[in-house]
Amino acid sequence: MRLSTPDLDAAFEACRRETAEWAKTFYLGTLLLPTEKRRAIWAIYVWCRRTDELMDSEEAQSRSVQELSDRLDQWEHKTRALFRGEVRDDLDAVMVDTLERFPQGIQPYLDMIEGQRMDLTWTRYPCFEDLKLYCYRVAGTVGLMTQGVMGVDDAYTSAPWSDRPDTSDAAIALGIANQLTNILRDIGEDRGRGRIYLPQEDLDYFGYSEDDLLAGKLNQSWKDLMAFQLQRARDWFDRSEAGVRWLSRDARWPVWTSLRLYRGILDVIERQEYDVFNARAYVGKFDKFLDLPRSFVLAQSR
């Protein structure tokens with residue numbers, strides 16, 4: 001099944017609307033990309049969202065572990081078919097179009113599905129190494145999925161002796177930074193689902209108990225714990241910056257914008273005195289638009 005051009009355009013438009021609704025900060029960055037690239041990013045975003053919904057949608061909360069596991073198995077089978085060029089629905093169609101325009105391997109997609117499988121059995125993370133693996137699988141993979149769409153600046157590849165820069169480590173670092181930010185922003189929501197993503201070793205070190213977290217206790221131990229978590233996330237954002245300079249000229253501005261705006265959520269959490277139990281941290285529209293020229297200036301240098 002192949003969609004006609006008008007139908008394919010409509011399918012991409014549906015991806016655009018979904019990205020705009022559910023990922024406002026991310027969506028703003030995509031608008032700075034050329035049309036072909038932004039459409040590809042919207043398609044990849046929706047595929048990732050569908051994968052996430054298998055475990056985290058309201059409907060999924062009522063399903064048994066076995067039912068959720070079966071769903072993930074079916075999704076993996078469908079994904080493998082997608083990479084063979086098989087099209088069964090509109091999302092398959094936009095993804096096949098994206099993969100044809102920006103070829104890439106299947107492994108990051110399979111790794112993301114493995115990340116969802118972790119949510120079947122992992123509700124606590126003993127140490128940061130465990131959490132880092134989870135963050136790679138559910139978000140670092142997004143960096144790998146999208147780096148081929150962003151492309152590398154011709155200045156680094158035009159000479160016959162040039163070695164093509166590998167942006168993979170930076171792409172993974174940005175995904176991990178984003179996921180750590182999500183985790184810190186959503187602590188209050190996740191505790192309602194019985195999930196605590198903050199490493200148990202960190203809770204112990206700062207003398208803040210699981211019962212304290214479930215009760216939403218705001219004390220000095222919590223503030224110290226959160227200050228440590230925010231710095232860790234910022235360190236991962238710093239790691240990712242090294243790779244932005246290698247990106248193609250038309251991708252550097254949107255990536256800088258997305259990076260800086262998402263990192264801005266950490267600043268909001270700090271200003272709210274780490275109260276993620278009673279208020280959701282987000283960057284307001286005015287601050288988003290205020291940052292655009294700053295990110296543009298950064299994007300002009302390699």
Side-chain angles (χ1 to χ4, degrees), residues 23-26 52 55-56 112 115-116 118-119 121-143 169-243 258-284 287-288 291:
K24 292 179 175 57
T25 298
F26 177 75
D52 183 70
M55 286 295 300
D56 277 350
M112 176 172 280
Q116 299 304 319
M118 288 180 74
D119 272 334
T121 54
W122 289 66
T123 60
R124 303 291 187 274
Y125 288 81
C127 64
F128 180 68
E129 285 302 307
D130 298 321
L131 182 62
K132 185 172 74 171
L133 174 62
Y134 174 77
C135 289
Y136 159 71
R137 285 177 170 173
V138 301
T141 50
V142 179
D169 287 347
I172 291 170
L174 182 55
I176 290 175
N178 287 341
Q179 185 61 24
L180 290 174
T181 302
N182 287 340
I183 286 169
L184 296 174
R185 181 195 62 195
D186 297 341
I187 287 171
E189 179 182 334
D190 287 330
R191 66 174 173 161
R193 297 177 176 179
R195 296 178 187 169
I196 297 177
Y197 289 101
L198 296 184
Q200 298 292 301
E201 64 180 3
D202 294 346
L203 294 174
D204 294 341
Y205 181 83
F206 287 97
Y208 190 81
S209 71
E210 186 174 307
D211 288 341
D212 290 338
L213 190 151
L214 294 175
K217 193 171 184 179
L218 299 169
N219 56 19
Q220 191 58 48
S221 293
W222 172 252
K223 292 179 181 179
D224 293 343
L225 170 64
M226 285 295 285
F228 176 79
Q229 303 299 324
L230 263 65
Q231 185 56 52
R232 173 184 279 156
R234 286 174 174 138
D235 289 344
W236 280 95
F237 277 115
D238 290 346
R239 292 189 196 190
S240 73
E241 289 185 7
S258 294
L259 185 159
R260 287 172 55 81
L261 292 181
Y262 226 82
R263 182 165 52 191
I265 294 172
L266 301 175
D267 299 332
V268 176
I269 293 173
E270 209 165 43
R271 288 198 297 271
Q272 292 176 176
E273 298 186 332
Y274 310 110
D275 184 1
V276 291
F277 301 110
N278 303 299
R280 183 177 178 85
Y282 65 94
V283 177
D287 289 331
K288 288 179 180 178
D291 194 81

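Hydrogens, waters and symmetry mates are skipped; everything else that's a heavy atom, side chains included, is used.
- Less than 6.0 angstrom separates the ring centroid of Tyr134 from the ring centroid of Tyr197.
- To the nearest 0.5 Å, the span separating CG on Asn178 from CG on Leu174 amounts to 4.5 Å.
- A 4.5 Å side-chain heavy-atom check between Val142 and Met112 finds at least one atom pair inside the cut-off.
- Across Ile187, Ile183, Val268, a single residue satisfies side-chain contact (heavy atoms from CB on, under 4.5 Å) together with Val276, and that is Ile187.
- Using a 4.5 Å heavy-atom threshold, the side chains of Met118 and Tyr125 count as touching.
- Using a 4.5 Å cut-off on side-chain heavy atoms (C-beta onward), Leu259 and Ser240 make contact.
- Taking each heavy atom of Arg137 and Gly115 in turn, the nearest pair found is CB-CA, 3.6 Å.
- Scanning all heavy atoms of the two residues, the minimum distance from Arg124 to Pro126 falls at O-CD, 3.8 Å.
- Counting only distance, with no hydrogens or angles, the side chain of Trp222 and the backbone of Lys217 share no donor-acceptor pair below 3.5 Å.
- Residue Ile176 holds its CD1 atom at 9.5 Å from OG1 of Thr141, rounded to the nearest 0.5 Å.
- Donor-acceptor pairing under 3.5 Å is recorded for the side chains of Asn182 and Tyr262.
- Between Arg234 and Asp267 there is a salt bridge, since a side-chain N of the basic residue sits under 4.0 Å from a carboxylate O of the acidic one.
- Between Lys132 and Pro199 there is no side-chain heavy-atom pair separated by less than 4.5 Å.
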Begin with the C-alpha distance, continue with both residues' side-chain angles, and end with the deciding distance and a verdict on side-chain contact (heavy atoms from CB on, under 4.5 Å) for Asp186 and Arg280. CA-CA 8 Å; Asp186 297 341; Arg280 183 177 178 85; 3.1 Å; yes
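- For Lys288, the salt bridge (charged side-chain N to carboxylate O under 4.0 Å, His left out) test picks out no residue, with sequence neighbours left out.
- Minimum interatomic distance between Ala173 and Arg239 (heavy atoms only, all atoms of both residues): CB-CB, 3.9 Å.
- Judged by distance alone, the side chain of Arg195 and the main-chain N or O of Asp190 form no donor-acceptor pair under 3.5 Å.
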Assess the residue pair Leu225 and Tyr274 against the criterion (side-chain contact (heavy atoms from CB on, under 4.5 Å)); give the C-alpha distance rounded to whole Å, side-chain angles, the decisive distance to 0.1 Å, and a yes or no. CA-CA 10 Å; Leu225 170 64; Tyr274 310 110; over 6 Å; no
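- The local environment of CD in Glu270 is crowded, with over 12 non-hydrogen atoms from other residues, nucleotides or ligands closer than 6.0 Å.
- Distance alone, capped at 3.5 Å, places no donor-acceptor pair between the Gln179 side chain and the Gly140 backbone.
- Atoms CD and CD, from Glu201 and Glu129 in turn, are 8.5 Å apart once rounded to the nearest 0.5 Å.
- Scanning all heavy atoms of the two residues, the minimum distance from Gly264 to Val283 falls at C-CG2, 3.8 Å.
- Under a cut-off of 6.0 angstrom, the local environment of OH in Tyr282 is sparse, with at most 12 non-hydrogen atoms contributed by other residues, nucleotides or ligands.
- In terms of heavy atoms, Ser221 sits closest to Gly207 at OG-O, 3.9 Å.
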Assess the residue pair Gln231 and Asp235 against the criterion (side-chain hydrogen bond (donor to acceptor under 3.5 Å, both in side chains)); give the C-alpha distance rounded to whole Å, side-chain angles, the decisive distance to 0.1 Å, and a yes or no. CA-CA 6 Å; Gln231 185 56 52; Asp235 289 344; 2.9 Å; yes
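- Asp224 and Gln220 share a donor-acceptor pair across their side chains, judged by distance under 3.5 Å alone.
- Under the 4.5 Å side-chain criterion, counting only non-hydrogen atoms from C-beta, Tyr208 is not in contact with Leu198.
- One finds the CG atom of Leu133 at 11.0 Å from the CZ atom of Phe128 (value rounded to the nearest 0.5 Å).
- With contacts defined as side-chain heavy-atom distances shorter than 4.5 Å, the pair Arg263/Thr181 does not qualify.
- To the nearest 0.5 Å, atom CD of residue Gln272 and atom CG of residue Leu218 are 11.0 Å apart.
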Go through the steps to decide whether Asp212 and Leu203 satisfy the test side-chain contact (heavy atoms from CB on, under 4.5 Å), and finish with yes or no. CA-CA 10 Å; Asp212 290 338; Leu203 294 174; over 6 Å; no
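- In this structure, the side chains of Phe237 and Leu266 come closer than 4.5 Å at one or more pairs of heavy atoms.
- Atoms CE and CG, on Met55 and Asp119 in that order, are 5.0 Å from each other to the nearest 0.5 Å.
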